[in-house]
Amino acid sequence: MTQVTMEEVWKEINLASIHQHRQLNIDHEPVLRNQNPNNSIFQDFLNKPLNKEPPPWSSSTHQGSLLTPPATVISLNPHPIDTHFYKSARFGYSGKKRGQDSDDSRGDRRHKRMTKNRDSAARSRARKQERAYTNELELEIVHLQKENARLKRQEEQLKMAEAAQHQTKKILQRSWTSPF
Amino acid sequence: MSVNNRDPLVVGGVIGDVLERFTRSIDLRVTYGQREVTNGLDIRPSQILNKPRVEIGGEDLRNFYTLVMVDPDVPSPSNPHLREYLHWLVTDIPATTGTTFGNEIVSYESPRPTSGIHRIVLVLFRQLGRQTVYEPGWRQQFNTREFAALYNLGLPVAAVYFNCQRDNGCGGRRN
């Protein structure tokens, strides 16, 4: 990982305030540094000549890459999506600038919190629904296995009964004596 | 069988967030230790430190399959702006075998979600033939749909997902 100089950081910040949703990994893969906003990073990858050399796979996981950039960019990037993200206390920052505690932003924050909560509740309900569905299927399996066993037993019995009957039919017996 | 609306993949939003609707045609069996992964199962990171055993169905050994493992909920399900994170990529898996017979293009990196409950999705695609797949430059912001389009993999033939959260609590909002 290269050391980032102050000039480079300021350059990043200036670019960040112009562009919409910037990729924030300053000291991540070098290829990302001067990229265009949003998903054009991936598009660029697709247009580039195919990578023959396997790049060094950094051991940093997604959370590792998150921990490094925001410290320098955070309070200077006014984009709403990012402030929303930076509200996560994981970084110990509040996303908003100090002087902005008007009713307007409070309502805004409340509204955002509400939507987040609603989405979280929806995901929770979905998980609950899946658990219920899985349980249902498991019960169904047990039920079908029992019925299957029962039907097989029944079939066996019928087969044996038929075989036994077949046996008795072979032997002709005089059961009633007739007068003639 | 086609994926219906009660299918966990639909209910869990995997169809939509990661994949298109598809019809299952190949068996996919993913096992971590003794636990077989069924849709929506809750698994902790400590249980998935090492790559799972993956066995696939099919009949013809001449058919090859690609397995993709992604986390669409990075860094958190409420704000997945790094969707998707590529955890594992194995190609050239012959039918009826498993990942050990394939080509591990991107090594297995065990999921370690820090915030929220993440879905971890394993998708199986059928390859047109034995092919060279180049690994993407980085794991994050991977796009399974685009990847499939790029290598002409078509729609998935199988998929399964599980839920994963931190070992101690789900790392929710802390203010």
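The basis for the numbers below is simple: all heavy atoms, side chains too, and nothing from hydrogens, waters or symmetry mates. In what follows, chains carry the letters A, B, and so on, assigned in the order in which the sequence lines appear, proteins first and then strands, with residues in each chain numbered from 1.
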> Hey, is the main chain of V11(B) close enough, under 3.5 Å, to the side chain of Q129(A) for a donor-acceptor pair?
Replying inline: no
>> Measuring from atom OG of S78(B) to atom CZ of R113(A), what distance do you get when rounded to the nearest 0.5 angstrom?
In response: 8.0 Å
>> Do the side chains of R131(A) and D42(B) get close enough for a salt bridge, i.e. N-O under 4.0 angstrom?
In response: yes
> Do I26(B) and F64(B) share a hydrophobic cluster, counting only Ile, Leu, Val, Met, Phe, Trp and Tyr and linking them when any side-chain heavy atoms are less than 4.5 Å apart?
Replying inline: no
> Roughly how far, to the nearest 0.5 Å, is the CZ atom of R6(B) from the CD atom of E130(A)?
Replying inline: 11.0 Å
> Near R110(A) CZ, under 6.0 Å, is it more than 12 heavy atoms from other residues, nucleotides or ligands?
Replying inline: no
>> With a 6.0 Å cut-off (strictly less than), is the heavy-atom count around CG of D27(B), excluding the residue itself, greater than 12?
In response: no
> Are V157(B) and V123(B) connected in the hydrophobic side-chain network, where two residues link if heavy atoms are under 4.5 Å apart?
Replying inline: no
>> Tell me whether F142(B) shares a hydrophobic cluster with V133(B), the cluster being built from Ile, Leu, Val, Met, Phe, Trp, Tyr side chains joined at under 4.5 Å.
In response: yes
> So do I117(B) and R123(A) actually touch side chain to side chain, heavy atoms under 4.5 Å?
Replying inline: no
>> On a heavy-atom basis, which atom in T134(A) and which in N39(B) lie closest, and how many Å separate them?
In response: OG1-O, 4.1 Å
